[in-house]
Each structure stands twice: as C-alpha cells, then as structure tokens.
2 protein chains.
Amino acid sequence: MSKILQRNLYREVADRIGDLIEHGELAPGERISEKQLCEKFGVSRTPLREALKVLATEGLIELLPNRGARVVRLTFKKVKDTYDLMAALEGLSGELACQHISDAEIAAIRQLHDTMLEHYRNQDLMAYFEINRKIHESILAASRNDVLQEMYSNLSQRVKRVRYSKKMTQTFWRQAVQDHENMIAALEKRDSQKLGQILREHLCNKLEVATLAGVIEDGSLSPENSAENSPVHSTENSAVNS
Amino acid sequence: MSKILQRNLYREVADRIGDLIEHGELAPGERISEKQLCEKFGVSRTPLREALKVLATEGLIELLPNRGARVVRLTFKKVKDTYDLMAALEGLSGELACQHISDAEIAAIRQLHDTMLEHYRNQDLMAYFEINRKIHESILAASRNDVLQEMYSNLSQRVKRVRYSKKMTQTFWRQAVQDHENMIAALEKRDSQKLGQILREHLCNKLEVATLAGVIEDGSLSPENSAENSPVHSTENSAVNS
DNA sequence: ACAGTAGCAATTGAATTCATAATTACTTTT
DNA sequence: AAAAGTAATTATGAATTCAATTGCTACTGT
C-alpha cells in the first residue's frame, strides 16, 4: 500500500536534526558541530555526516567546504520564493485532483470543511489550521502525482519553522474561509481550471508572506542579516518596507 | 556572483554517477555495488556512500536497506508526473519572468529566438534543441526565483536520460515554433498571464510525453516492467512486435 | 523428490583511525 | 603597543576496520 519506510540510521538522524531546526533548537546561521551532534544522538560521525549531506540537498542546511555545516538563514526573499512555488504546486494539485478524485474523497473533504467551519465559528485558530492543513493534504493526495507530493512536502519542510501565523486578522480569516467555500464548490463540480486558480490565489500563502515580512523584519529569523562576507547589505530588507 | 561551487568529493562522485545513469551505463533497475564503483572512481566507500544518499534524495536512485542501491526505473507514469510538474514550473517561471526581466535580457532571448528560427529553416534538429534549451533557461533565470530554478533543475535531471526526442514530426515542430513566436510576443509585452499559459501548454512537454509513451512501451526504459518481484515476465517482449 | 533449516560467503551499515585544512593564540618585530 | 606571521590545536574530509544482515547453497529429514 503505502511506501515501506526504511529505517536507516542516517534517515533517523536527518529527521531528528530537521526537528531541531524546526523548533529553533538549532538557530538559523548557527554552525553545526559534528562531534556535538554525535554526542547528542549517540551515533558515530559516519551516519551523521550522511544525514548532513542529505539535509543539505533538501535545502535545510548548507555545507561550507572544510568548515562544516550550518542552518540556512531564511531571508524574506527565500521564503517568498518558496511560497510562490508552493502556490503554483497547489494550483497544479487542484487541477489534477479534479481529474482523479473519487466521490468518496470529495465527501471526506466536505466533512473536513464542515468541521473547519465549526472551528471558525468558535474562533479556534489552532483547530482551524489543523483541519485546513488536512484539506490541502487531501487535495494533494488526490492529484495522484507522487513527484508533486514529494516536492511540496520538501518545500513545506523548508519553511516549516516560520509557519506559525499567530496573528490572523478577521478580514483575512473571513476571506480564507470564503476561498475554501469556493474550493469545495469547484471540486464538487470538478472544475479543474477554477480550483487551480483558487488554490494559486488562495490567501493563506499571501497572508503568511505578509505577516512574515513583519516577523523577519523583527530580526527573529535573521539575527545578523543575510550577508555573510559581503559588507554591503542588499535591498532585501529595505524591500520589506515598500 | 553565482554560487560558490563546492568541490567536495562526494559531490563529484554524485555527479559522475549521475552521468553514468544519464548515459545508460548504469541500467535502470540495476543494482549498484559499492565496491565496484569505489574501484571505478578510485575513492573510498565513505564519500561514495554519501553520494548515494544524496542521489537517493534527488530521486535518481533508491536505497534498499542492507541490500544496496539501484537505479530508479522510469515508469511512464513517473515521467508523465514529472513533466506535468515541470510544465507548471515553466508556467510560473514565465509569469515571474515578465515581472522581473530586463530589456537587455529580452533582447538576448529575441536574438536566440532568431537563431533558432534559422536552425528550424535549415531543419537542424540538434542545433534547434540546443537553442530551445537556452531560451527556456533564460526565462527561468529571469524569474529571479532561486528555489524554482533549483527544483526545475532537479526534475530535469531525473528525466534527462529519456530526453532525446529523436523523432519530431513536421506538424509538431511547426507548432512548437509557433508557440515560441507567441512566447516572445508575450514576453515583450510583459504579459505574464499569457506567457505563463503558453509555457504551461507548450507543446514540448506534451510532445515528449507522447513520443515517450512509445519509447517506454518498447521496454527500452523498463526492461522488466514496473513489477519488482513478480517472477512472471509480462508482455514486455511481445509488445515490441506489436 | 521436495522442502526446510543451517552454515557460509558477500555486501552493506557503522565506528574508529588517519590526514588535511582552518582557526586561534602566542610570539616576535616594527 | 599593535600587527603580522608562525605554530599548535581543533574540526572536517577520507580511509580502513569491524560487525551485522542478507542471500545463496548444501545437507538432511520427511
């Protein structure tokens, strides 16, 4: 049925490090000491270094030749670029989903949708987000495109640590709910063009980007800015103000 | 300027193995012996295994626990899924390019376009494809989205070994050229919606998928079909005659 | 004769060891 | 006293070694 999950040590270690990054226990830009992590996880350097190589190709850390690894610093531009991509992928997933989704799956999503509305009425943001995630996941699964799902999952991983959207204005929230109403409608009519468009323009992404502009500006994500060796600061931060 | 290319041994090895796969010297489904490759490249097992882990996350090979690695078998569905994704990414790149591209870059693409038309008139397929690739690359670069470029490049790698479209009917070719005419027009008008749409529907992808359907059916890509452990050889040989 | 189990060979997974590169601290010179 | 250069220490890159799992083959029992 689903994929056989291979439990190699390197994969386990990679996941654990990913968690550390997501929860901020490994700060952005922080240098990662191999020995330190070896002791923390109780493994030898070989599987740990394999894990680091993998995490680097997954875009979570970057490797400095002969100088070890460090957590990638999420600049505003990087996050924006990633969200643009994710929006495009969500759009595609919507189009494909309309072509392949079963009636049972639509019914299940409708069910989720109704539950989500309930949470909206109760103003339960956490519960709302959880169901929201499940709905998008269901559509993604209905696309029947494994490569797409893999890519989306990877992109999602990269920006996970900034996905906490604590503040959600009523206007935005209301609009998001409206988007979801339209999504369900398009899905039930199997209007792939429409669903694709809605998902591409779905507020969630734009909203998060908007709020993030503030968050990142605060310096909470990029403590010592993006420039490593160049003394000149580029326009990336000033762009936030425009 | 551009990224500092780190020349780690593992990256070098990974690229070399990638080449072997692309050129078919490592057959699809073939088991990869670590020792064998170590001797071939003259490196120890450590960097080689790091390379294998990376190639696995890049989707070129798959790792069987305690049984080594093997080249992924490109099924028709996998290729189709990948092309669908690439089309979506090209579409996005078009939209973004219209927003960021400079006049100089447009002029350069126009230049490429004219050269390509020349090759079309001379019916020089190889030269045509080369310029065609450069044009799409230029648009991708103009999107100013590094994540997008990285993802596209990865997807492109995965299906590289089947991208040889030797046969190109005149009808298809003519349509492709027409598409490119429209692309340039949209680009010069900076009509992002239009360019996006053209790129998403650009014949190249659909054409390749169509021809590939034949190629893969021939068994040249999946020698023993998609089934892994089934002892029964299905229609693979009889299909060649049909 | 066929099937199941046990033993052996081979290959991968992980750890330890060795080498090389970088960084830091200390000393010397200006 | 400050700066530069050299040496030493630390950390990463690579190789070798060790252990464990797998697959194959042979032998025995039914």
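Chain naming here is simple, since letters A, B, ... match the order of the sequence lines and numbering starts at 1 in each. The structure presented is a predicted model; accordingly, all values stated were derived computationally and were not measured.
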Legend entry - Protein-nucleotide distance (A:E39, atom CD; D:dA11, atom C1'), rounded to Å: 13 Å

Legend entry - Side chain A:T115, main chain A:Q111, donor-acceptor under 3.5 Å: yes

Inset, instruction - Step through the shown structure and confirm whether more than 12 heavy atoms of other residues, nucleotides or ligands are within 6.0 Å of NZ on B:K77. - result: yes

Legend entry - Exam field: side chain A:R158 to backbone A:E58, donor-acceptor pair closer than 3.5 Å: yes

Inset, instruction - Look at the side chain of B:S93 and the backbone N and O of B:E90, then say whether any donor-acceptor pair between them is shorter than 3.5 Å. - result: yes

Legend entry - Distance, rounded to the nearest Å, where A:L9 contributes CG and C:dT12 contributes C1': 14 Å

Legend entry - DNA chain D contacts made by residues 42-53 of chain A, counting heavy atoms under 4.0 Å: A:R45, A:R49

Inset, instruction - Let me know the distance between NZ of B:K35 and C1' of C:dA10, rounded to the nearest Å. - result: 8 Å

Inset, instruction - Would you kindly give the CZ-to-P distance between A:R11 and C:dA14, to the nearest whole Å? - result: 13 Å

Inset, instruction - Considering only NZ, NE, NH1 and NH2 on the basic side and carboxylate oxygens on the acidic side, decide whether A:E150 and B:K78 come within less than 4.0 Å. - result: no

Inset, instruction - Determine, for A:K134 against A:E137, whether the closest basic-nitrogen to carboxylate-oxygen distance falls under 4.0 angstrom. - result: no

Legend entry - Verdict with supporting geometry, A:R11 and A:D15, side-chain contact (heavy atoms from CB on, under 4.5 Å): CA-CA 6 Å; A:R11 191 63 262 182; A:D15 290 344; 3.1 Å; yes

Inset, instruction - Using atom CD of B:E34 as one end and atom P of D:dA15 as the other, report the distance to the nearest whole Å. - result: 14 Å

Legend entry - Length of the line joining B:I32:CD1 and C:dA10:P, which is rounded to integer Å: 21 Å

Filtered N/O pairs between nucleotides 21-25 of chain D and protein, under 3.5 Å:
unit_1, atom_1, unit_2, atom_2, d
D:dT21, O3', B:N66, ND2, 3.3
D:dG23, OP1, B:R67, NE, 2.7
D:dG23, OP1, B:R67, NH1, 3.2

Inset, instruction - Whole angstrom is fine here: how far is it from CG in A:L64 over to P in D:dT12? - result: 11 Å

Legend entry - Salt-bridge contact B:E95-B:R200 (side-chain N to carboxylate O under 4.0 Å): yes

Inset, instruction - Check the distance between C:dA22's C1' and A:L63's CG and give it to me in whole angstrom. - result: 16 Å

Legend entry - Main-chain N/O of B:D81 paired to A:N145 side chain as donor or acceptor, under 3.5 Å: yes

